[in-house]
Amino acid sequence: MKWLLENIERKFSPGEVEDSVNQIILNSPDLNQSGNLELILSSIDLTILSATDTRDQAEKLAADVTAFQMHFPGLPNVAAICTYPNLTAVIRKNLLIPEVRIAAVAGGFPSSMTFIEVKELETRMAVNKGADEIDIVISVNEFLSANYSEITREIDLLKIACGKALLKVIIETGALKSYENIWRASWLAMQTGADFIKTSTGKLEPAATPEAAWIMCNAIKEFHKKTGRKVGFKAAGGISETSEAIKYVAIVKEILGEEWLNNKLFRIGASRLANNVLSVIKNKPVAYF
């Protein structure tokens with residue numbers, strides 16, 4: 001794929017990204033509709049990614065997701081539960097509906113600062129324990145050292161380790177220091193086999209931003225034009241309010257179009273967002289999850 005390497009470079013003029021994002025949001029006044037709220041709900045990867053999360057909490061979350069439509073008939077369920085590898089088997093045992101997937105963070109999440117052999121083993125083990133999707137983080141230290149061949153080597157190895165599981169590659173936009181780097185990291189991930197590119201781990205600030213989303217979605221659009229392959233987009237980190245989530249819907253819709261507005265190609269990683277969306281839909285406080 002040497003011919004693709006030229007696309008990893010793009011310059012952004014001052015104000016270009018911010019002005020474009022603001023224009024999209026200004027031109028999208030009607031997004032707070034039930035259809036879009038249900039889309040957001042159905043695109044959420046519920047996260048259970050705290051060091052204090054217990055097996056009991058993981059069991060309860062899986063049971064709550066399983067029973068969701070008994071309590072909220074007519075509403076779509078979330079897309080996935082995102083967890084650490086050691087809780088994957090617990091969730092697999094207690095998640096009794098196949099349409100909701102299990103995403104495991106692996107490959108040395110959240111810093112990616114470990115040996116590639118460990119990353120490969122952790123990825124394979126997570127899949128063997130029941131993960132349908134794997135979320136990995138690029139080696140940001142290697143990226144900032146311009147060691148791009150190491151980035152692509154790692155992603156390629158972890159893509160193989162995933163087997164049939166989807167690979168979501170987190171580029172950790174808040175640590176990349178420039179819009180040009182966000183574009184470059186997006187292309188490196190996509191051309192090495194990422195099924196999704198994802199903004200952030202949620203462990204560093206700033207996490208997801210509409211500006212990063214605009215750049216990543218444009219990279220996805222250009223990549224699709226060049227290759228014919230559709231790559232998904234996932235925003236994660238700090239998105240808890242419905243008003244924030246709607247901005248990402250607007251950006252994806254404007255840049256990538258309606259065909260990306262489903263949970264096969266669009267996700268939001270969040271822990272509190274689901275309850276807040278349910279509260280807006282039901283017009284009363286909801287604390288289900």
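Sequential numbering from 1 along the given sequence is applied to the chain's residues. Heavy atoms only: backbone and side chains are in, while hydrogens, waters and symmetry mates are out.
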- Applying ring pair (Phe, Tyr, Trp, His ring centres under 6.0 Å), run through Tyr248 and Phe266 and close with a yes or a no. CA-CA 10 Å; Tyr248 293 95; Phe266 173 56; 7.9 Å; no
- Message: side-chain hydrogen bond (donor to acceptor under 3.5 Å, both in side chains), that's the test. Do Glu254 and Ser28 meet it? Break it down for me.
- Response: CA-CA 9 Å; Glu254 175 66 24; Ser28 305; 5.9 Å; no
- Task: Taking the six-membered ring for Trp and the single ring otherwise, decide whether the centroids of Phe233 and Phe196 are under 6.0 Å apart.
- Result: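 Ring-ring flag for Phe233/Phe196: false, centres at least 6.0 Å apart.
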- Do Trp187 and Phe223 have ring centres separated by under 6.0 Å?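 Judged by ring-centre distance (under 6.0 Å), Trp187 and Phe223 do meet the cut-off.
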- Name the orientation class of the two ring planes belonging to Tyr148 and Phe143 (parallel below 30°, tilted from 30 to 60°, perpendicular beyond 60°).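 Aromatic pair Tyr148/Phe143 classed tilted.
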- Task: Could you go through the salt bridge (charged side-chain N to carboxylate O under 4.0 Å, His left out) check for Glu150 and Arg153 one step at a time?
- Result: CA-CA 5 Å; Glu150 181 63 19; Arg153 184 181 79 89; 3.0 Å; yes
Do the charged groups of [X] and [Y] touch, with an N to O distance under 4.0 Å?
{"X": "Glu133", "Y": "Lys168", "value": "yes"}
{"X": "Asp135", "Y": "Lys234", "value": "yes"}
{"X": "Asp195", "Y": "Lys159", "value": "yes"}

- Message: Is it true that Glu18 and Tyr179 share a donor-acceptor pair across their side chains at a distance under 3.5 Å?
- Response: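 Distance-only check passes for Tyr179 and Glu18.
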- Message: Are Trp260 and Ile215 linked, directly or through intermediate hydrophobic residues, by side-chain heavy-atom contacts shorter than 4.5 Å (ILVMFWY only)?
- Response: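 Yes; tracing contacts between hydrophobic side chains, which count when under 4.5 Å, links both residues.
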- Query: Is Leu157 reachable from Ile170 through a run of I, L, V, M, F, W or Y residues, each pair having side-chain heavy atoms under 4.5 Å apart?
  - Reply: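 Different clusters: Ile170 never reaches Leu157 through Ile, Leu, Val, Met, Phe, Trp or Tyr contacts under 4.5 Å.
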